[in-house]
**Q** 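This is the structure I have questions about; it appears just below.
Below, chain A is the first sequence line, B the second, and so on; all start at residue 1. Because the structure is predicted, anything quoted here is derived from the model rather than measured.
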Number of protein chains: 2
Amino acid sequence: MPKIVDPVERRQAVADAVLRVAAREGLEHASLRNVADEAGLAIGSVRHYFAGSSELMIFAMGELARRIEARIHTHAAALLDPAATGDRRERTLQLLAETLPLDAERREEAGVWLSFVTAARTRPELRGRLAKMQAGLDELVHRVLLETDRAGALTPGLDLTVETRRLSALLDGLTLQAVQHPLLVGPDELCAVLRHHLDSLAVARD
Amino acid sequence: MPKIVDPVERRQAVADAVLRVAAREGLEHASLRNVADEAGLAIGSVRHYFAGSSELMIFAMGELARRIEARIHTHAAALLDPAATGDRRERTLQLLAETLPLDAERREEAGVWLSFVTAARTRPELRGRLAKMQAGLDELVHRVLLETDRAGALTPGLDLTVETRRLSALLDGLTLQAVQHPLLVGPDELCAVLRHHLDSLAVARD
DNA sequence: GCCGTTATAGCACGGGCGGGCTAAATTCTT
DNA sequence: AAGAATTTAGCCCGCCCGTGCTATAACGGC
């Protein structure tokens, strides 16, 4: 048998190269040639693991989504599930803040993700993963609100469907603005707006 | 002297073709050739009015921005300036709702605009117009909140800086989600979320 | 040591791209 | 009628693209 290479690992390495090129030069420059160069491979090698550029893009998008979801769900598990220590309000804030681009690395990730979102508008093959991502985020937000409500920390009588959409859209919008104008909309302001929004949903605690 | 052609009009017609191609096939397909075809011109003609593709893109982006701003400011003048008729709350809602993609046409516009936003991440020459657009929207939101406050219709003690960012981000996020999932996030839900947000800022009335 | 399998490498083709450049058509002024 | 200015048209070059395809290299089982 041949050279020992873990094909899964290789595919991830190539997808990584896609994301690096997309972050640095834009998704439109993530061609097979550029990606192969970035990964230190020949173009033929890349094509050995991916049938074509379309499959590569779908996979790379999936990898990015997986990475983002993994980071969030790690915090979700740590902060949401156990009857953990610390202020519930503070924990909720930290969990949702994890979806925001609070540092340069996550801002880059968000920028590349936005590229995929934009590309999906005219490339149906990307829409599946996109919908899954958005559904996951919506569900997370919904669960957070539900939990908060169950703990009696939410203003009574709120329509959770509307509140979920509102909070989810707020997170998306903050992310979009932070990607567009990192200097104008910095981490502090992102957190302040999110904190203020959560406060506005909470029952008064004096 | 030569054939009589209004160069301003021509440039707008070509920019229009750019926007149509971008809406239909994505900004990456808005090449000089495709745009010339779409406009019913030869490639040489297009290049007579624009020095290169970069200039064309900047101009097209500017045209789109101008169009969006014009629509909003028309409503802004009609709904904000005069001590007009009708419920103040309702007028405010309608003004801000004008920034949302409530129908297919505006959804397309927003999608193309999102393409430019994404492109600007790796093309500095587009950032100028982008920043201007965002600043204009922020200022509009700020002014609306100021006016509402001046009329005494706002919960006292609000931090208008934070509220401006929050509302502006909410509008951006709603737009983004409506572009991504037009079926899931329809016009009714957009309006409902916006109305609810404005209500949450208002003093109780009854 | 040999072979089959798999990884790596990359040539070659057709096509789209931006842009330098030339040439023709058009139309107002003289 | 002649000529100058402007618009329209598009050839041609070099570059990058994806992909079909072939050739070589690496390595484990026999």
**Q** Send over the distance from H48(B) NE2 to dA25(C) C1', rounded to a whole Å.
**A**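 Answer to the nearest Å: 13 Å.
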**Q** How many Å lie between CG on D37(B) and P on dC17(C), as a whole number?
**A** 9 Å
**Q** For R88(A) and A153(A), work out which heavy atoms get closest and say how close.
**A**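 Smallest heavy-atom distance, with atoms named: CD-CB, 4.5 Å.
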**Q** When the distance from NE2 of H29(A) to P of dC15(D) is rounded to whole Å, what number comes out?
**A**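 It works out to 16 Å between those atoms.
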**Q** Select one nucleotide: of dG10(C), dG19(C), dG18(D), the one nearest the side-chain heavy atoms of A42(A).
**A**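 Of dG10(C), dG19(C), dG18(D), dG10(C) is nearest to the side chain of A42(A).
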**Q** Which nucleotide, dG18(C), dA9(D), dG18(D), lies nearest any side-chain atom of L32(B)?
**A**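 Closest nucleotide to the L32(B) side chain: dG18(C).
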**Q** Judged by each residue's nearest nucleotide on DNA chain C, which is more toward the 5′ side, A51(B) or R47(A)?
**A**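 Nearest nucleotide further toward 5': that of R47(A).
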**Q** Is R11(A) salt-bridged to E55(A), cutoff N-O under 4.0 Å?
**A** yes
**Q** Side chains of R165(A) and Q177(B): any donor to acceptor distance under 3.5 Å?
**A**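 Yes.
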**Q** Counting only side-chain heavy atoms from C-beta out, which of dA9(D), dT8(C), dT7(D) sits nearest to S45(B)?
**A** dA9(D)
**Q** Can a side-chain donor-acceptor contact be found between D16(A) and Q12(A) if the only test is distance below 3.5 angstrom?
**A**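 There is no such pair (donor and acceptor under 3.5 Å, judged by atom type) between the side chains of Q12(A) and D16(A).
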**Q** Would you mind telling me which of dA9(D), dC17(C), dT8(C) lies closest to the side-chain atoms of Y49(A)?
**A**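 Of dA9(D), dC17(C), dT8(C), dT8(C) is nearest to the side chain of Y49(A).
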**Q** Please report, rounded to the nearest Å, how far the C1' atom of dA9(C) is from the CZ atom of R10(A).
**A**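 Going from R10(A) (CZ) to dA9(C) (C1'), I get 13 Å.
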**Q** How close or far is atom C1' of dC17(D) from atom CG of N34(A), stated in whole angstroms?
**A** 10 Å
**Q** Classify I43(A) by what it touches in the nucleic acid, base, sugar-phosphate, or nothing, heavy-atom distance under 4.0 Å.
**A**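 The residue I43(A) makes base contact.
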**Q** Please give, in whole Å, the distance from dT8(D) C1' to F50(B) CZ?
**A** 16 Å
**Q** Under 4.0 Å: is that the gap between some side-chain N or O of S31(A) and OP1 or OP2 of dC17(D)?
**A** yes
**Q** Whole angstroms only, please: what is the CD-P distance between E28(A) and dC16(D)?
**A**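 For the pair E28(A) CD and dC16(D) P, the rounded distance is 15 Å.
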**Q** Which nucleotide in the set dT8(C), dG19(C), dT8(D) lies at the smallest distance from any side-chain heavy atom of R33(B)?
**A**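 Ranking dT8(C), dG19(C), dT8(D) by closest atom to the R33(B) side chain puts dG19(C) first.
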**Q** Any side-chain to backbone donor/acceptor pair from H73(A) onto E69(A)? Under 3.5 Å, distance only.
**A** yes
**Q** Taking CG from L41(A) and C1' from dA7(C), how many angstroms apart are they, rounded to a whole number?
**A**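 L41(A) atom CG is separated from dA7(C) atom C1' by 10 Å.
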